[in-house]
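I have placed the structure first, in the form of structure tokens, so that the comments after it can refer back to it.
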Amino acid sequence: MNYSNVNLTPVLVFRFLLGFLIFIASVNGYAQKSITVNYVNNDDFIIDGVLDEVMWKNAVSTSGFSEYFPTDNKQAVYQTEIMMLYNDGYLYIGVKGYAPGEDYRTPSYERDFSISGADIVNLMFDTYSDRSNAFLFGINPFGVEREGIIYGGGVAGDLDLNWNTKWVGESQMYDGYFISELKIPMSAFKFKEGITSWKFSAMRSDTQSNTKSSWARVPQNQNQLNLGYFGDLIFEKPLVKTRNPISVIPFVTPSYTNEHYKGEKSFNFKAGFDAKIPVKSSLMLDLTVLPDFSSDDVVSGQNNVTQFEIKQDETRLFFIDNGDLFNGFGESNALAFYSRRVGVGKDTLGQDKIVPIIAGAKFTGKINNNLRIGVLDVQTEGEGEYQIGANNNLVVAAEQRVFEKSNIGAFFINRQATNNDEFLTGTSYNRVIGSDFNFYSKDNSVDGKVFLHKSFTPDISSNAISAGTILNVEKRKYSLDFTSQYVDAGFQSDLGFTKRKDIVRVNPSGAFNMYPKSDNINTIILNASYNAYWRASEDMSLSERYTYLGGEINFTSGASIGLQGTNAFEYLYSPFDPVGDKGNGDPIPVGGYTTNYLDLDFNTDRRKAFWLEGSSRYGSFYMGHKFTTDVTFQYRYQPYFYVSLQLQYDDIKLPEPYSSGQIWYLGPTLNVTFSKTLFFNTDIQYSSQSNYFLLVSRLQWRYAPLSDVFLTYTTTDTTAPFELVERGIYLKVTYWLDIKRKNKK
């Protein structure tokens with residue numbers, strides 16, 4: 001195979017992109033708003049949402065929230081006031097939010113609740129003032145809490161709510177306003193000792209007035225989490241770094257399983273632990289031993305009528321904190337590391353199978369204000385039944401800040417078989433090295449990336465390169481995006497996600513935003529895109545091409561509707577049956593296919609008790625036609641329960657002798673809130689394509705802060721015929737233990 005005709009010039013592309021980005025960034029500026037935080041000598045606060053302690057008289061109040069939605073050019077009518085105090089051990093926050101009445105809304109009393117269509121105040125702290133990552137603490141008028149990590153500068157609204165820390169918050173409702181009171185340990189934050197300021201902002205959603213507002217003004221075309229618009233949080237005295245506690249989270253899981261497909265029933269007992277061990281002021285060692293994921297949220301399924309794998313979100317606690325340092329290398333369709341690969345192996349048929357994790361260690365944090373490092377090492381067991389070998393999975397990453405807030409990252413990935421016998425699947429090793437340059441303008445309205453990755457795998461001697469550039473310009477009236485990508489046919493990242501190989505890709509797109517003076521319409525957006533793939537190894541023959549034009553209308557109620565038309569070309573290099581194993585005819589043969597289709601996207605007002613969102617597509621599909629709809633319905637009886645139903649339906653009609661068929665996916669969910677500490681959840685998944693029925697019911701009792709008892713029942717069945725595959729009952733008990741350490745004198 002000849003790769004000499006692929007001329008990569010990453011250095012030239014890098015220089016051009018860097019110069020262009022720096023030029024554009026020079027016209028941008030930071031927000032200048034600030035809040036002063038006074039020091040208090042005592043800890044005599046009662047966190048009850050009253051703010052009647054005498055210490056609050058020393059707090060400096062700030063307000064002046066700017067409206068973000070439905071307009072972004074005026075002060076919010078119903079304002080929010082924030083005041084803060086601190087000492088060496090805690091940060092105290094008082095929030096007073098004015099509202100038209102007391103008809104506040106929340107979907108649940110459960111921690112880390114979804115804020116869609118709900119009231120919420122989010123407080124965000126960029127403790128290194130580098131506008132890259134921030135801590136988020138949220139509370140609503142009912143006193144329900146949430147916390148998370150903002151990463152990637154908040155440009156795309158990247159927020160990970162799986163991060164947890166102990167803190168206290170409470171709220172009280174009054175006539176025309178509510179008050180929230182928070183007490184957050186200073187040890188929950190990572191910061192440099194002796195500094196006197198952080199970057200800060202806050203945002204609020206008020207469902208009664210149907211407005212969203214921000215403490216530091218954010219234009220509507222930018223995400224409210226965008227760290228480029230944060231103001232200054234100024235402390236009266238330099239911060240003293242307290243020694244963070246060592247957190248140990250042990251668990252025990254007795255269980256009963258009926259593996260009907262094997263004819264085996266068994267009682268099992270499993271025990272293990274997670275630990276978080278602070279090292280100095282901003283480094284953390286995370287450990288996991290024999291982790292158990294029986295209490296994790298169920299990952300939503302879906303129909304897949306394409307040739308490509310679908311990427312899923314990470315929900316496992318060990319991989320969450322500082323996960324962006326490892327998972328951010330590359331582009332969304334070509335990630336060098338994809339943490340969900342760890343703990344999964346491929347059997348002799350190429351099917352994914354879960355393999356147990358024995359132990360893992362993760363060392364992450366900041367060496368100084370500019371350098372962030374990370375080392376992740378996880379050992380997995382083999383699985384003799386599926387001939388999957390045991391592996392050691394190692395990732396080493398570093399990120400150096402350059403200019404104001406950009407960074408250069410480098411990494412090394414090594415997947416090494418530790419019992420590599422000839423009968424086991426996979427190669428003895430797979431290694432990937434690479435570097436990414438990530439650029440962010442001062443207000444994050446311009447961002448870009450250049451990356452170059454190289455893999456090393458036995459018996460592959462080609463270039464084995466994955467490279468690309470990304471440029472995004474987000475202005476009030478328009479946005480421009482450009483992505484280019486090259487993935488060699490021999491590139492292989494066993495611990496990554498590579499959707500397509502042997503391709504050269506170009507994807508320019510743009511949008512024009514209009515803001516009509518209307519009481520009902522918020523924005524009208526017109527967009528266009530061209531996305532093309534060429535086969536790199538075959539003289540750049542066209543592999544895929546998608547050209548679309550579309551528009552959407554966003555209403556002031558929060559509802560929206562969009563319509564998009566696409567002209568597409570796809571060349572099949574191997575026969576393909578989109579119906580899957582249930583196909584009733586021949587697969588679609590090799591060749592090129594031109595198609596045209598329309599997409600309709602919609603969602604209703606999520607503040608209502610009943611809302612729905614979804615999309616539908618109709619048009620040509622290879623040599624036939626296809627109708628697709630993906631709709632989610634939800635009904636909420638606040639705050640006691642909500643029920644939702646995700647429905648996906650594909651109706652594929654191809655001429656004989658090719659496969660036609662109807663594919664269904666149903667995913668109902670029931671969530672019941674008994675109190676702020678007791679919850680019940682049931683997820684059901686039915687897939688006619690994969691021929692499975694899954695039911696997971698979980699009762700959760702939070703008997704102490706971040707400590708839980710889970711009782712989980714699961715059953716998996718085939719659907720045609722309906723037969724039991726596996727059934728299990730799991731009792732998992734966890735306890736979050738903080739071991740406090742004395743401060744050094």
Is a side-chain N or O of [X] found less than 3.5 angstrom from the main chain of [Y], in a donor-acceptor match?
{"X": "Lys449", "Y": "Gly330", "answer": "yes"}
{"X": "Thr718", "Y": "Asn691", "answer": "no"}
{"X": "Asn531", "Y": "Asn507", "answer": "no"}
{"X": "Asn419", "Y": "Ala390", "answer": "yes"}
{"X": "Asp126", "Y": "Arg131", "answer": "yes"}
{"X": "Asp481", "Y": "Asn472", "answer": "no"}
{"X": "Asp160", "Y": "Ile149", "answer": "no"}

Say you draw a straight line from CZ of Phe318 to CG of Leu287; how long is it, rounded to the nearest 0.5 Å?
7.5 Å
Determine, for Lys732 against Asp292, whether the closest basic-nitrogen to carboxylate-oxygen distance falls under 4.0 angstrom.
yes
Thinking salt bridges, do Lys454 and Asp488 make one under a 4.0 Å N-O criterion?
no
Any heavy-atom pair between the side chains of Thr498 and Gln492 that's under 4.5 Å?
no
Do the rings of His453 and Phe411 sit parallel, tilted or perpendicular, given the 30° and 60° boundaries?
perpendicular
Worked verdict on Asp683 versus Thr669 for side chain to side chain donor-acceptor pair (under 3.5 Å)
CA-CA 5 Å; Asp683 287 285; Thr669 296; 2.7 Å; yes
Could Arg535 and Tyr573 be counted as a cation-pi pair, given that NZ or CZ must be under 6.0 Å from the ring centre and within 45° of the axis?
yes
Is the terminal nitrogen or CZ of Lys366 (NZ for Lys, CZ for Arg) located under 6.0 angstrom from the six-membered ring centre of Tyr128 and within 45° of that ring's axis?
yes
Quick check on the 6.0 Å ring-centre criterion: do Phe693 and Tyr686 meet it?
no
Residues pairing under ring-ring contact (aromatic ring centres under 6.0 Å, His included) where one sits in residues 334-372, two or more places apart or in two chains, turn out to be Tyr338-Phe497
CD1 (Ile354) with more than 12 external heavy atoms under 6.0 Å:
no
My understanding is that only residues two or more places apart in sequence, or in another chain, count here; which of them pass side-chain hydrogen bond (donor to acceptor under 3.5 Å, both in side chains) with Glu147?
Arg111, Trp167
